[in-house]
Amino acid sequence: MAAVAADATGVAGADARAQRATRGLRSAMAQVGALSGRSVRNIWRQPQVWIPSIAFPLMFAALNTAALGRVPGQIADQSGGTFHPFGPRDVYLDFLFVATLTQGVLFGGLSGGSELAQDIESGFFDRLVTTPVRRASILVGRLAGSAVLGGVQALVFMAVFLAFGARVQGGLAGAVVLPLAAMLLALTIGGLACAMAIRTGSVEAVQGVFPLIFITLFISSAFFPTALMTGWYRTVATHNPLSTMINGMRHQVLVGFDLAEAAKAVLVPGGLATLAIVLCLVSLRARLAQR
Amino acid sequence: MTDAAAVADVGRQDHGDLTGDARVWPVAAQLARRSIVLITRLPSAFIPSVVFPLFLVIAFSGSFDGLSRVAFDNAMSWYAPLAVIQGCAFVGVGAGFAASREIESGFYDRLLLAPTPAVSLLAGPALATALRSIVPFTIVIVVALIGGAATPGGPLALATVFVAGLGTALVHTFWCLGLAYRFKSQRAAPVMQIGVFLTNFLATAQVPLGLMTGWLHTVARFNPMTNVFRLGRAGWIGEVTWGDCWGGLLALAVFIALSFWFARRGLTKMVP
C-alpha cells in the first residue's frame, strides 16, 4: 500500500517536473523569440549598419574583377592548360564569389556585438538582467540577429553574382551550403564580438576587432589561391581555418557538390561558433558575478 | 603655456617687424611642432597611418605574389610604392581628422582668434604632414627591402617614391582640411577615408594598366593617380626615366594647387 502511494507520489512529482520543464522551455523560447525579433528589427532599422556590409564587398568585387579578371586565363595559358588554380572555368568572378560573401559576413557579423555594447553603454543591458529573463536568451537573441543578417547577405550576394554571370556548379545542394556556412560564420564573429562587448562594455573596443578580421581574411585563400602564394605567407594562409572554410564553400561553386567539402564549409565555422558562444557565456557569467 | 597661447605668442612677437607672409612660417612651425608632439600624446590617431601601410605591403605582396607570373617581376617592388603612397595619404587624412576634432572641441576657434595669418593654419598641418610622412616611408621601405624588393633604379628609387608619397600626403592634407572646415565635425572622417581608397584603387594601385579590363581600365587610364603611381614606381620597376616621372610631378603640382585652394576657401568662410 505504502509502495503504491510512494509510486503515485513519484509519478505525480515526475509529472509536475515535466510540466515545469515544458513551461520553462516555452518561456525560454518565447524570450529568445522576443529578443531575436528585437535584434533583427534593430539591425533592419539602421541601414547604416547593414548597407555597408553589402555595398562595400560588392564594390570591392567589381574592382577586383576588373583588375584581376584576366589573370586566371593567363595563368592557365602559361601552363598549357594544365594548371587551373581559379577553378576549371578560369573565371575570376566565380572564384571571388565566396570571398565577397565571406568579407560581407565577417564585417556584418560585428554588428551584433556593437549593438550589445551599445545596450551596455546605454544601461539597457543592466535593466534587462534585473528582469527574470534567462541570461542565455540575451545572448541567443543577439546572435540570432547576426545569423539572420549573415543568411540574408549570402542570398543577396548570390543573386548579384548570378546576375553578373557567376555559376554555382554544385546546383541547389551546393547553393544551400553557402548561406548555411555564412550564418555559422556570422554566429562566430557575432559571438566573438559579443564576448568583447560583455568584457569591455565599449562599442569602440568591439569596432577595434575590425582590423584583426581584415588581416585574417587577407592572409587566407579568399582573394587569391594559396597555390600561387610563396614562403611563410603561403604557410599561414594554408593553415588559416578561414581558408579551410572558404575552400569548402568554393568547391561547391567552382567544381560541384561534394559532401566532404561541404562538411568542411559547415563544420569549421560551426566549431568556431561553438567556441565563440562558450566564450560569450563565460564572459557573461564573469560580468554578472562582478555585479 | 597652452598650445593656442604659444601659437598666439609667436604671432605677437613677430607682429612688429615682419610682414604678414613672413609671419606664416614661425606660426606654422609651432603648429607643426604641436602636431608632432601629439604623436606621443595621442598615439591612437597616428598608429593607423603606420600599421595600415605595413599591413598593405605584406598582405598585397603575399596574396598577389602569383601576379609576378603575368604582371610584374617582383610583387614586393610593385606594392611597396603603393604602401608608401597610401600610408602618406593617411597621414594627410590624419591632419584632417585632427582639424575636425579641434573644430568640435573649440580649440580651432581660439586659433582663429589668435593674431596669426590664417594661411599658417594650412601651412602648419602641411609641414607636420611632411615630417610625419617620413615614418610610414621609412618603415615600409625597410620592410620591403628586407622582404626582397628590388630597386633597379638604385638610390633614385627612394627619391621618386618619397616625392610621390609626400605630394600625395600634401594633397590629402589640404583636401581633408577643406572637408573639415566645411563639415565642422568628425562625421567628415568617412568621406576623407573614402577619398583615399577611390583615388588610389581606381588607378594602378593593384595591377598594371595592361592587366585591367572594362570600365576600370578606362577610369584608371584617365585617373591622374596612375601617373603618380608611375612616378612612385620609377626605379622600382625598371630604371628611373623622365618619361615615368613628369606626368606624376605635374599631376601632384596641379592637385596640390587645387586642394590648397579648396582648403583656403573653406578656411576663409570659417574665419569670424
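Chain letters run A, B, ... following the sequence lines, proteins first and then strands; every chain starts at 1.
- The contact between B/Val70 and chain A is made by backbone and side chain atoms together, counting heavy-atom distances below 4.5 Å.
- A search for ring pair (Phe, Tyr, Trp, His ring centres under 6.0 Å) contacts involving A/Phe218 returns A/Phe214, A/Phe223, B/Phe55, B/Phe60, not counting sequence neighbours.
- For a residue to count as touching a neighbouring chain, one of its non-hydrogen atoms must lie under 4.5 Å from one of that chain's; by this rule B/Leu209 does not touch chain A.
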Between chain A and chain B, which N or O donor and acceptor atoms come closer than 3.5 Å?
from     : atom 1 : to       : atom 2 : distance (Å)
A/Asn64  : OD1    : B/Gln206 : NE2    : 2.8
A/Ala66  : O      : B/Thr213 : N      : 2.9
A/Ala66  : O      : B/Thr213 : OG1    : 3.1
A/Arg70  : NH1    : B/Gly210 : O      : 2.6
A/Gln78  : NE2    : B/Arg69  : O      : 2.7
A/Phe218 : O      : B/Ser63  : OG     : 3.2
A/Leu228 : O      : B/Gly66  : N      : 3.2
A/Thr230 : OG1    : B/Asp65  : OD2    : 2.5
A/Tyr233 : OH     : B/Ala59  : O      : 3.2
A/Tyr233 : OH     : B/Ser63  : OG     : 2.9

What do the steps show when you test B/Leu202 against A/Leu63 for side-chain contact (heavy atoms from CB on, under 4.5 Å), and what is the final call?
-> CA-CA 8 Å; B/Leu202 293 179; A/Leu63 201 65; 3.5 Å; yes
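- Residues that satisfy the side chain to side chain contact (heavy atoms under 4.5 Å, CB included) test with A/Leu267, not counting sequence neighbours, are A/Ala263.
- Contact count against chain B (heavy-atom pairs under 4.5 Å) is highest for A/Ala66 among A/Ala66, A/Ala222, A/Pro85, A/Gly69.
- Environment of CZ in A/Phe56: sparse, with no more than 12 heavy atoms of neighbouring residues, nucleotides or ligands closer than 6.0 Å.
- Using a 4.5 Å cut-off between heavy atoms, A/Ala237 makes no contact with chain B at all.
- Comparing B/Phe64, B/Phe52, B/Phe201 by heavy-atom pairs within less than 4.5 Å of chain A, the highest count is held by B/Phe64.
- Identified by a heavy-atom distance below 4.5 Å to chain B, contributing residues of residues 188-196 of chain A are lacking entirely.
- With a 4.5 Å cut-off on side-chain heavy atoms, A/Leu228 and B/Leu67 do not count as touching.
- No more than 12 heavy atoms of other residues, nucleotides or ligands sit less than 6.0 Å from atom CZ of B/Phe255.
- The choice from B/Leu216, B/Val51, B/Val219 that makes the most heavy-atom pairs within less than 4.5 Å of chain A is B/Leu216.
- Dense packing is recorded around CZ of A/Phe124, with more than 12 heavy atoms of other residues, nucleotides or ligands lying under 6.0 Å away.
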